[in-house]
Protein chains: 2
Amino acid sequence: MQEVNKPLSQRQKQILKAVIESHIANGEPVGSKYLVENKQIASSSATIRNEMAELERRGYLEQPHTSAGRIPSEAGYRFYVDTLLEEYAMTTREIQEINEMMKAKVGELDQNLSMASKVTSAMTHYTAISVKPGDRQAVVKRFQTVRLDNHRFILVMISSTEAVQSKTISVQDELDEQSVAQIAEALNACIAGKREDEITAPVLVELGDRLGTNTSLVMPLLKLVHAFMNGDDSGKMNVTGMDRLLDYPEYSDMQELRQLIGTLEDKNDIVKLISEAEKDQSNVVIGSESDVKVMENSSLVFRPIQKDGKTIGAIGVIGPLRMDYARVLALLDTVTGHITNMLEEPSSAKLIPGETEQAQSKENS
Amino acid sequence: MQEVNKPLSQRQKQILKAVIESHIANGEPVGSKYLVENKQIASSSATIRNEMAELERRGYLEQPHTSAGRIPSEAGYRFYVDTLLEEYAMTTREIQEINEMMKAKVGELDQNLSMASKVTSAMTHYTAISVKPGDRQAVVKRFQTVRLDNHRFILVMISSTEAVQSKTISVQDELDEQSVAQIAEALNACIAGKREDEITAPVLVELGDRLGTNTSLVMPLLKLVHAFMNGDDSGKMNVTGMDRLLDYPEYSDMQELRQLIGTLEDKNDIVKLISEAEKDQSNVVIGSESDVKVMENSSLVFRPIQKDGKTIGAIGVIGPLRMDYARVLALLDTVTGHITNMLEEPSSAKLIPGETEQAQSKENS
DNA sequence: AATTAGCACTGACAGTCCAAGAGTGCTAAA
DNA sequence: TTTAGCACTCTTGGACTGTCAGTGCTAATT
């Protein structure tokens, strides 16, 4: 019988660790006898039983029912992650596999993220996600226009974060090269570099003047700019290996699984979750630590990807509470390391494709 | 006892239809008694039993076990879809709901497709997909460059199908406006309008010459062009409402569900499936009619979206064999109708944003 | 000849009971 | 403080049961 709040003894820690690791490996409640036999713990099962009872009293373990072994509680996992975790030493095979998969292509950030997500899912056997946070205070740095034909041109917008978006625009009037160039000029003069709250009525009036014959474009263009700044692009997220969820019996409850898949598809909750956790400097969200209800029985482990001190993305893993935290954290480290490298050390070639996407458009005016 | 191959009698058709529709509604095997009581069929249960036995002999019905009712076989569904299907009359409420959801935004094709997918999933209660076929024989019609700073510029490629893709490119040499313009010129002169097999060694030599100091860009640029032409964009697919699968008990087998989710994520199989079915002028693929193994117990119903006689996309639904084909087909019709309208009758504004996406890129050289 | 009532039969399903097994808490001894 | 031992608890799986839905077949009816 221990005093409450007394720190855990060495042996208690050892037992807690053993219980958690066994449970992570097997998914089943672990009993005192099992520990004696499989983990070399130098005490009898009776002693272990006593200690486990104490650990339960302290809230680190739980018992599904009287005659079952113990499973870790959320607090148990939390303590484990914060204190007990040993760094997982990746096998050379694992390292090789990752290298193999990731060297393939030095692509764009989006592509890198989705590839990283694939790799992560494949290596960890959990569902992996990659997210790209929206950039809220972006501003259009430059406009560019490309004339397609008499009635259509492409508007290219480059944001301060160097995001690029292009739109095909159709107008009813005749368009010559000059008027198309004029549109770009006008936009660059009036809108470029301004935040949305700086785009005031007088600015718009001037823009209208500069557009000359194309005055009627003001509102539609403004709409595009607005859409771009408040990008649909923000909070992009990518899920890989959803089917992995079904590998774990904890997701055999249809009702729950259904909801989880729903949230994974919806993306909002997860993106929010990650950005909040990141604020708290935390990389591991265990069960109900998140306030997303359907994540109650799941853990989320992620690692942000930074560039110039700014978070430009994250790779993560979603799985049951009994996630192999050590291994996942190690794998995430190497995977995100690869990406950071790609971003920083351009390939041997002189040319480094940035991230892009493409757009297809066909419509008449 | 009927002759083999004799066409089905009126009554047999009626019974088959009743069985299928009951099964679609309830998911349970339907028995003779049930039909007498709930569907007004003017025969005794014994007669119906005899007819059902005959229908089973002909391969339209199956019996899960001796003392269960009958369920439709794949052939049964096929016959139903081809012959027995009555047009589903949508309720005004349904029509309104769709209108409501789809009027919201006249956006880009990609966005429209994904919205349509959402609407379809919400209305049908099945998992919905939208696909955009790749454009295999696309060619780069025009190149455009935008200088960012001394070491970086953006390359904009516009394909013959008016797809637009932009890439940020970093080089080690100093870049002035002129050399950036030169790059575009060179590309336009040498590469634009050519299929890949027309880009031969002499062409590349000339390109090198024209690039002047930037000769070393040839290969990297070529790589980009190649990537663009064989676009990662091709075969884009979008899945909405995966969680709906779990609404149907036929997907309670974990193993199977896992595989199905896997294929939905992988996308390739489905895209292939749709494009093949479309060749056969078919909109309904029932179970093992597809050669995708995991689709054995699922049906796929879709409807292509055409523009100027070319298929530019498709919306579809994936669900259990006992899908409500009539309703799904009707809903798909209206949803795709909406999209076609959007493509053809531009909004009241003068400006029609085409489809686009955006790219973000930050890297140093 | 076609239909139907009636009946024996079949197989799934849900419930009950039981024995086995795993693991515990507690007591008393080391 | 640790441990051996034992009684106790609870789950799990198997065997057995009765019920029930639905059938196929036969004989009677139209």
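A, B, ... follow the sequence lines: proteins, then strands. Residue 1 opens every chain. Basis for what follows: all heavy atoms, side chains included, without hydrogens, waters or symmetry-related copies.
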Are any of [X]'s side-chain N or O atoms less than 4.0 Å away from OP1 or OP2 of [N]?
X	N	value
B/R11	C/dT3	yes
B/R70	D/dA21	no
A/T47	D/dT3	yes

Can you check the [X] [atom1] to [N] [atom2] distance for me, whole Å?
X	N	atom1	atom2	value
A/K33	D/dT3	NZ	C1'	16 Å
A/E56	C/dG23	CD	C1'	13 Å
B/N50	C/dG6	CG	C1'	14 Å
B/I15	C/dT3	CD1	C1'	12 Å
A/H65	C/dT24	NE2	C1'	10 Å
B/L55	D/dG24	CG	C1'	16 Å
B/Q12	C/dA2	CD	P	12 Å
B/L35	D/dA21	CG	P	16 Å

message: Students often get this wrong, so: under 4.0 angstrom with heavy atoms, is A/A68 touching a base, only sugar-phosphate, or nothing?
response: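 Here A/A68 touches the backbone only, sparing every base.
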
- request: Could you check whether A/S43 gets within reach of a base, just the sugar-phosphate, or nothing at all, counting any heavy atom under 4.0 Å?
  value: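 Sugar-phosphate: the residue A/S43, judged by heavy atoms under 4.0 Å, touches backbone atoms but no base.
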
Donor-acceptor pair present, A/S67 side chain and D/dC10 base, under 3.5 Å: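 Such a pair is found, so the answer is yes.
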
query: Hey, is the side chain of A/R49 pairing donor to acceptor with the base of D/dG5 inside 3.5 Å?
result: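 Answer is yes: a donor-acceptor pair is held.
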
field: Closest to side chain of B/T66, choosing from C/dG11, C/dG25, D/dG24
entry: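 The answer is C/dG11, which lies nearest to the side chain.
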
statement: Picking from C/dG25, D/dT3, C/dA5, the nucleotide nearest the side-chain atoms of A/Q63 would be C/dG25

- request: Please determine, by modelled atom types, if B/S44 and B/T47 share a side-chain donor-acceptor pair under 3.5 angstrom.
  value: yes

Hey, are [X] and [Y] close enough for a salt bridge, meaning a charged N less than 4.0 Å from a carboxylate O?
X	Y	value
B/D247	A/R258	yes
B/R11	B/E51	yes
B/E276	B/K272	no

- prompt: Taking the nucleotide of DNA chain C with the closest heavy atom to each, which residue, B/A42 or B/P64, is nearer the 5' end?
  reply: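 Closest to the 5' end, via its nearest nucleotide, is B/A42.
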
- prompt: Can you check salt bridge (Lys or Arg N to Asp or Glu O under 4.0 Å) on B/E56 and B/R70, steps first, answer last?
  reply: CA-CA 8 Å; B/E56 183 171 0; B/R70 300 300 208 296; 2.7 Å; yes

